[in-house]
Amino acid sequence: MDPERELQDWRELALRLEREVARAVIGQAPTIRLITVALFARGHVLLEGDVGVGKTTVLRAFARAVGGDFERVEGTVDLMPGDLIYHTYVDADGRPRIDPGPLLRHGERLTTFFFNEINRARPQVQSLLLRAMAERTVSAFNREYRFPHMTVFADRNKVEKEETFELASAARDRFMFELNMGKPAERELRRALVFDTVFHDADRLIEQVPAAILPAGQLNTIGALIQSSVTASPTLERYVLEVWEATEDPQRFGVQLDGVDMRRLVLAGASPRGMSALLRAARVVAWLEGRTHLLPADLLTVLPSVLAHRVFFTPVYELRRAELAPALVQQIVDRVAAP
């Protein structure tokens, strides 16, 4: 098939995917768009927000619509790394048995791995997931298992802090996006969520999402085609490099935050992997808009969700990350001149 026509056909599928998920989860259009972007940029997504805003529902809706095999794990304080790899039990004959665990049981057919409340899992479990996310492989039973089509969705409860384990910086850097999903602000949407009984049964909402809208096994191929088809001008390249430098030395660009000693704020700026993720995501935004070239608006659409969790603060400011990271990124956007 002609690459241009193939990209157009896939774009129509992607937009249909968004529409179907938006029917199940109303008032979350920006979040739905960014999850769609991550799918086609082949990145993982960490979603956080208050209790009961629909984080699990939106991820379940995407998992159903994307197709392929799906697996879900609940984060608990007693979950161990081996629990992701194998399952031990005594069968009906009283014999011990070992079966593949949630990561292994689907093999290469695994498309969506959903880790619910990831911050309730111990760091050892998070480390195992880290390798699976980075390399899409896991070693077990003297062999290597591959998950070439897997996308990891995780959500994090930011309200409760007891019996939780904050993700390490290296683990957070593996997520293309950290998305903060809030409550809808529009009064009409709030009225619908409270009084329209359609939205009171999450399972029924998920069932109404068409299954396997996308040929999930082809996502890697189409993702690579998108990346090679969307170009950036030299002027835009310079802008991206300046944004990168601003994450490392914000003072140089006149960035100031109230009550912050800017000389002591940043421990490390965004990594090459983080900047690569920014460009991969921005190219998908341009493709979804029907273009084959990048605009500054494409970068600005994804920049806060890509970079805010990838700028590392010194210990004295790290405890204020939730407040400072969005403010820093917004200042970088305001201070670095876009073409």
Side-chain angles (χ1 to χ4, degrees), residues 7 10-11 13-15 17-18 21 28-48 58-59 62 65-66 112 133-134 136 149-155 171-181 214 216 218-233 235-244 246-247 269-311 325-326 328-330 332-333 336 338-339:
L7 284 172
W10 273 88
R11 178 174 174 268
L13 285 176
L15 296 177
L17 173 78
E18 286 190 334
V21 172
Q28 299 294 345
T31 298
I32 291 171
R33 167 51 59 99
L34 289 174
I35 294 176
T36 303
V37 169
L39 279 172
F40 286 92
R42 307 309 296 133
H44 309 293
V45 176
L46 178 63
L47 196 60
E48 70 173 13
V58 72
L59 296 183
F62 267 101
V66 168
T112 303
M133 292 168 60
R136 291 187 167 92
H149 311 298
M150 181 182 70
T151 301
V152 174
F153 290 153
D155 69 2
R172 298 178 70 176
D173 192 55
R174 299 294 183 183
F175 287 98
M176 171 171 278
F177 291 146
E178 279 196 15
L179 307 179
N180 194 341
M181 186 169 167
L214 305 178
Q218 299 178 35
L219 278 172
N220 288 338
T221 301
I222 194 63
L225 182 58
I226 292 168
Q227 295 302 311
S228 63
S229 300
V230 179
T231 60
S233 68
T235 303
L236 200 64
E237 289 180 0
R238 287 194 294 273
Y239 172 64
V240 171
L241 292 176
E242 289 184 350
V243 168
W244 190 3
T247 69
S271 65
R273 178 169 56 217
M275 298 308 297
S276 172
L278 175 65
L279 266 295
R280 287 187 2 245
R283 289 189 187 102
V284 175
V285 173
W287 168 69
L288 288 172
E289 295 296 329
R291 286 184 274 99
T292 58
H293 61 278
L294 281 174
L295 297 179
D298 302 324
L299 291 161
L300 297 179
T301 297
V302 296
L303 194 151
S305 301
V306 173
L307 292 188
H309 63 289
R310 287 188 161 99
V311 179
L328 176 64
V329 170
Q330 186 58 54
I332 289 174
V333 170
V336 179

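Just so you know, these numbers use all the heavy atoms, side chains as well, and skip hydrogens, waters and symmetry mates. Throughout, numbering of the chain's residues begins at 1 and tracks the sequence.
When atom types are taken as modelled, the side chain of Ser229 and the backbone of Ile226 share no donor-acceptor pair closer than 3.5 angstrom. A donor-acceptor pair under 3.5 Å is formed between the side chain of Arg280 and the backbone N or O of Ala41. One N or O on the side chain of Arg42 and one on the backbone of Leu39 form a donor-acceptor pair closer than 3.5 Å. A donor-acceptor distance shorter than 3.5 angstrom exists from the side chain of Thr301 to the backbone of Ala297, with no hydrogens or angles considered.
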Inset, instruction - Dump the intermediate steps for side chain to side chain contact (heavy atoms under 4.5 Å, CB included) on Val58 and Gln28, then the final yes or no. - result: CA-CA 9 Å; Val58 72; Gln28 299 294 345; 5.7 Å; no
Legend entry - Test log, rule side chain to side chain donor-acceptor pair (under 3.5 Å), inputs Arg238 and Thr235: CA-CA 5 Å; Arg238 287 194 294 273; Thr235 303; 3.3 Å; yes
Inset, instruction - Start with the C-alpha gap between Phe40 and Leu225, add the side-chain angles, then the distance that decides, and say whether side chain to side chain contact (heavy atoms under 4.5 Å, CB included) holds. - result: CA-CA 10 Å; Phe40 286 92; Leu225 182 58; over 6 Å; no
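Across every non-hydrogen atom of Ala38 and Val45, the tightest pair is CB-CG2, 3.4 Å. Residue Ala270 comes nearest to Trp244 through the heavy atom pair O-NE1, 2.7 Å, listed as atom of the first residue, atom of the second, then distance. Smallest separation of non-hydrogen atoms from Met150 and His44: O-CE1, 3.8 Å. Listed here is the closest heavy atom pair of Ala14 and Leu288: CB-CD2, 3.7 Å. When all heavy atoms are compared, the tightest approach of Met176 to Gly43 is CB-CA, 3.9 Å. Contact detail for Leu7 and Ile222: the closest heavy-atom pair is CD2-CD1, 3.9 Å.
Rounding to the nearest 0.5 Å places CG of Asp155 at 10.0 Å from CD of Glu48. Atoms CZ and CD1, from Phe62 and Ile32 in turn, are 6.0 Å apart once rounded to the nearest 0.5 Å. Residue Leu59 holds its CG atom at 9.5 Å from OG1 of Thr112, rounded to the nearest 0.5 Å. The CH2 atom of Trp287 sits 14.0 Å away from the CG atom of Leu294 when rounded to the nearest 0.5 Å. The CG atom of Asp298 lies 8.0 Å from the NE2 atom of His293; values are rounded to the nearest 0.5 Å. Rounding to the nearest 0.5 angstrom, the gap separating the CG atom in Asp173 from the CZ atom in Arg310 is 4.5 Å.
Among residues two or more places apart in sequence or in another chain, the salt bridge (charged side-chain N to carboxylate O under 4.0 Å, His left out) test is passed with Glu289 by Arg33. Every residue two or more places apart in sequence or in another chain was checked for a salt bridge (charged side-chain N to carboxylate O under 4.0 Å, His left out) with Arg283, and none qualifies.
At a threshold of 4.5 Å between non-hydrogen side-chain atoms, the residues Tyr239 and Val336 count as touching. A 4.5 Å side-chain heavy-atom check between Asn220 and His149 finds at least one atom pair inside the cut-off.
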Donor-acceptor pairs under 3.5 angstrom involving side-chain atoms of residues 302-309: please list them, not counting sequence neighbours.
residue, atom, partner, partner atom, Å
His309, ND1, Ser305, O, 3.4
His309, NE2, Arg172, O, 3.4
His309, NE2, Phe175, O, 3.0

